[in-house]
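In what follows, a structure is listed as structure tokens, so that the remarks can point back to it.
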There are 2 protein chains.
Amino acid sequence: MNQPESNTKVYIEIVRQLRVMIEKDGLKAGDKIPSERELSERLNAGRSSVREALRALELLGLIETRRGEGTFMRDFRGNQLVQLLSTFILQDEKAKKDVVETKKLIEMDCLQLASLKRGHESYGLKEWVLKQEDLKDDCFFQKVAELANNHLLFRIWQILKDYYHSLQMEISEPSGELYVKLAEALESGDQETILAAYRKLRNLSVD
Amino acid sequence: MNQPESNTKVYIEIVRQLRVMIEKDGLKAGDKIPSERELSERLNAGRSSVREALRALELLGLIETRRGEGTFMRDFRGNQLVQLLSTFILQDEKAKKDVVETKKLIEMDCLQLASLKRGHESYGLKEWVLKQEDLKDDCFFQKVAELANNHLLFRIWQILKDYYHSLQMEISEPSGELYVKLAEALESGDQETILAAYRKLRNLSVD
DNA sequence: AAAAAGACTGTGGTCAGACCACCAGGGAGA
DNA sequence: TCTCCCTGGTGGTCTGACCACAGTCTTTTT
């Protein structure tokens with residue numbers, strides 16, 4: 001590497017450089033990344049170091065490599081990474097409880113946010129819910145998370161959702177009526193009503 | 001690799017094998033992993049392939065390497081994952097607002113959780129606050145996040161905090177008195193009181 | 001004998017070069 | 001025009017080499 005090196009490992013620096021490059025060139029999903037050999041030359045590093053960086057990013061699901069073709073940006077909303085991590089991470093019981101608990105909290109946050117941020121357009125959530133047949137829980141909350149209009153929170157929710165599913169617990173799908181109720185509560189705009197509807201949906205008592 | 005090879009890349013197979021090895025040998029955080037050279041021999045693969053696997057796991061925060069010493073298991077209960085993904089994702093202006101907003105939400109969640117989960121020991125938060133001189137905001141909420149007793153949520157908060165600081169905004173440190181008030185509210189156990197105190201601290205109106 | 005200096009061994013960190021397998025595109029031949 | 005093959009570029013992998021560093025053992029010095 002050229003300047004910003006000191007004691008950081010080369011492959012870490014390469015990851016940094018790649019991120020800069022991606023941002024600067026505005027690379028999107030599907031776009032091609034310079035070849036390993038070119039990168040190693042441009043960044044003044046060995047090809048093996050470049051590979052270490054790329055392999056890491058690949059395992060994270062951020063890029064995709066096709067032999068004989070090249071390396072490409074990926075639409076990293078994927079979750080294969082979460083699956084991998086979860087096999088490593090979610091071992092003790094406490095961690096599982098944390099996931100369940102945190103997911104609920106984030107969902108409540110999303111609801112709250114969504115109710116605060118509506119107004120502009122009365123997002124016809126209720127109509128949408130009614131139109132769906134066999135509404136999936138994830139699907140509903142994905143919608144809510146989007147309405148919250150906070151990309152970061154949405155991402156966090158997605159990750160939690162994936163973790164949640166990897167827990168392999170028996171998941172109860174509430175009846176469709178409860179979603180309608182929740183949608184109505186959301187449009188009422190009253191925090192208490194919303195939370196009450198959510199608790200009913202999740203079968204919670206106090207928290 | 002020996003048997004289970006087909007078209008999967010070697011480094012992926014190594015990751016698999018490592019996971020098996022970790023499970024079989026019951027390796028815990030802090031334990032040492034066989035050296036790269038030994039692994040490459042045991043798994044019948046080149047050292048560079050082993051490295052690619054290890055680097056990937058390292059970037060994921062699952063292992064830690066120390067030059068001259070070896071490679072070690074790491075306490076990976078947090079999700080480095082969020083951290084990494086978001087560095088790639090948080091780029092535009094909207095994202096910054098999301099960070100600020102989300103941090104507040106998470107902090108409120110922590111407060112809520114902390115208030116629900118106390119009871120066992122009346123964590124002398126107020127006393128602790130009073131003892132501190134020149135209390136830092138982060139420091140206070142770190143304490144709260146710990147009291148919430150949810151490692152995952154704690155991690156998320158930490159990450160948000162880091163991002164928050166990287167935003168380079170002018171950060172106002174509230175007066176110490178407000179923290180005392182918040183601590184008192186927390187010990188009262190009443191949700192409304194707590195949120196009101198938090199809003200006053202953060203200078204918020206409704207949300 | 002005790003302490004300090006040095007050599008040795010094992011580890012990760014990095015690089016260069018060599019193959020291989022694969023894919024796409026272009027040119028030669030039908 | 002169509003088909004086939006060749007060639008160049010790409011990722012996939014391995015090997016061997018060298019460096020930097022940490023811990024240990026040995027030797028030297030005090």
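Naming convention: chains lettered A, B, ... in sequence-line order (proteins, then strands); numbering from 1 in each chain. We use all heavy atoms of the structure for the numbers below, so side chains are in, but hydrogens, waters and symmetry mates are not.
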Determine whether any donor atom in the side chain of Arg47(B) lies under 3.5 Å from an acceptor atom in the base of dG13(C), or the reverse, and answer yes or no. yes
Do nucleotides 19-26 of chain D as a string where each nucleotide becomes B, S or -: B if the base has a protein heavy atom under 4.0 Å, S if just the sugar-phosphate does, - if no protein is that close. -BBSS---
In this structure, how many angstroms lie between the P atom of dT13(D) and the CZ atom of Arg55(B), rounded? 16 Å
CG of Leu43(A) versus C1' of dA16(C): gap in Å, rounded? 17 Å
Distance, nearest 0.5 Å, that separates CZ of Arg55(B) from OG of Ser49(A): 10.0 Å
Taking side chain to side chain donor-acceptor pair (under 3.5 Å) as the test, write out the residues that go with Lys181(A), two or more places apart. none
Checking Asp137(A) now: which residues fulfil side chain to side chain donor-acceptor pair (under 3.5 Å) with it, not counting sequence neighbours? Tyr179(A), Arg202(A)
By nearest atom, which of the nucleotides dT11(C), dC14(D), dG12(D) is closest to the Lys9(B) side chain? dG12(D)
At under 4.0 Å between heavy atoms, what does Ser48(A) touch on the DNA or RNA strands: base, sugar-phosphate, or nothing? base
Could you tell me how far apart Ile14(B) (CD1) and dC14(D) (C1') are, to the nearest whole angstrom? 12 Å
Compare side-chain N and O positions of Arg66(A) against OP1 and OP2 of dC23(C) and report whether any pair is under 4.0 Å apart. no
d(CG, Leu54(B); C1', dT11(C)) in whole Å: 12 Å
Which part of the nucleic acid, if any, lies within contact of Thr71(B), taking any heavy atom under 4.0 Å across all strands shown: a base, the sugar-phosphate backbone alone, or nothing? sugar-phosphate
A side-chain contact here means heavy atoms from C-beta on lying under 4.5 Å apart; do Arg47(A) and Arg37(A) qualify? yes
Between dG12(D) (P) and Glu52(B) (CD): distance, integer Å: 8 Å
Rounded off to whole Å, could you give me the CD-to-P distance for the Glu36(A) and dG12(D) pair? 6 Å
For dG12(D) and Ser49(B) - does any side-chain N or O of the residue sit under 4.0 Å from the phosphate oxygens OP1/OP2? no
Can you list the residues that meet the side-chain contact (heavy atoms from CB on, under 4.5 Å) rule with Leu130(B), with sequence neighbours excluded? Lys126(B), Val180(B)
Tell me, please, which residues at least two apart from Ile12(B) pass side-chain contact (heavy atoms from CB on, under 4.5 Å). Leu59(A), Lys9(B)
Leu59(B) atom CG is separated from dG13(C) atom P, nearest whole Å, by 13 Å
In whole angstrom, give the distance that lies between atom CD of Glu64(A) and atom P of dG12(D). 11 Å
When the side chains of residues 138-146 of chain A are checked against the rest of the protein, which donor-acceptor pairs come out under 3.5 Å, sequence neighbours left out?
residue: Asp138(A); atom: OD2; partner: His165(A); partner atom: NE2; Å: 3.0
residue: Gln142(A); atom: NE2; partner: Glu146(A); partner atom: OE2; Å: 3.4

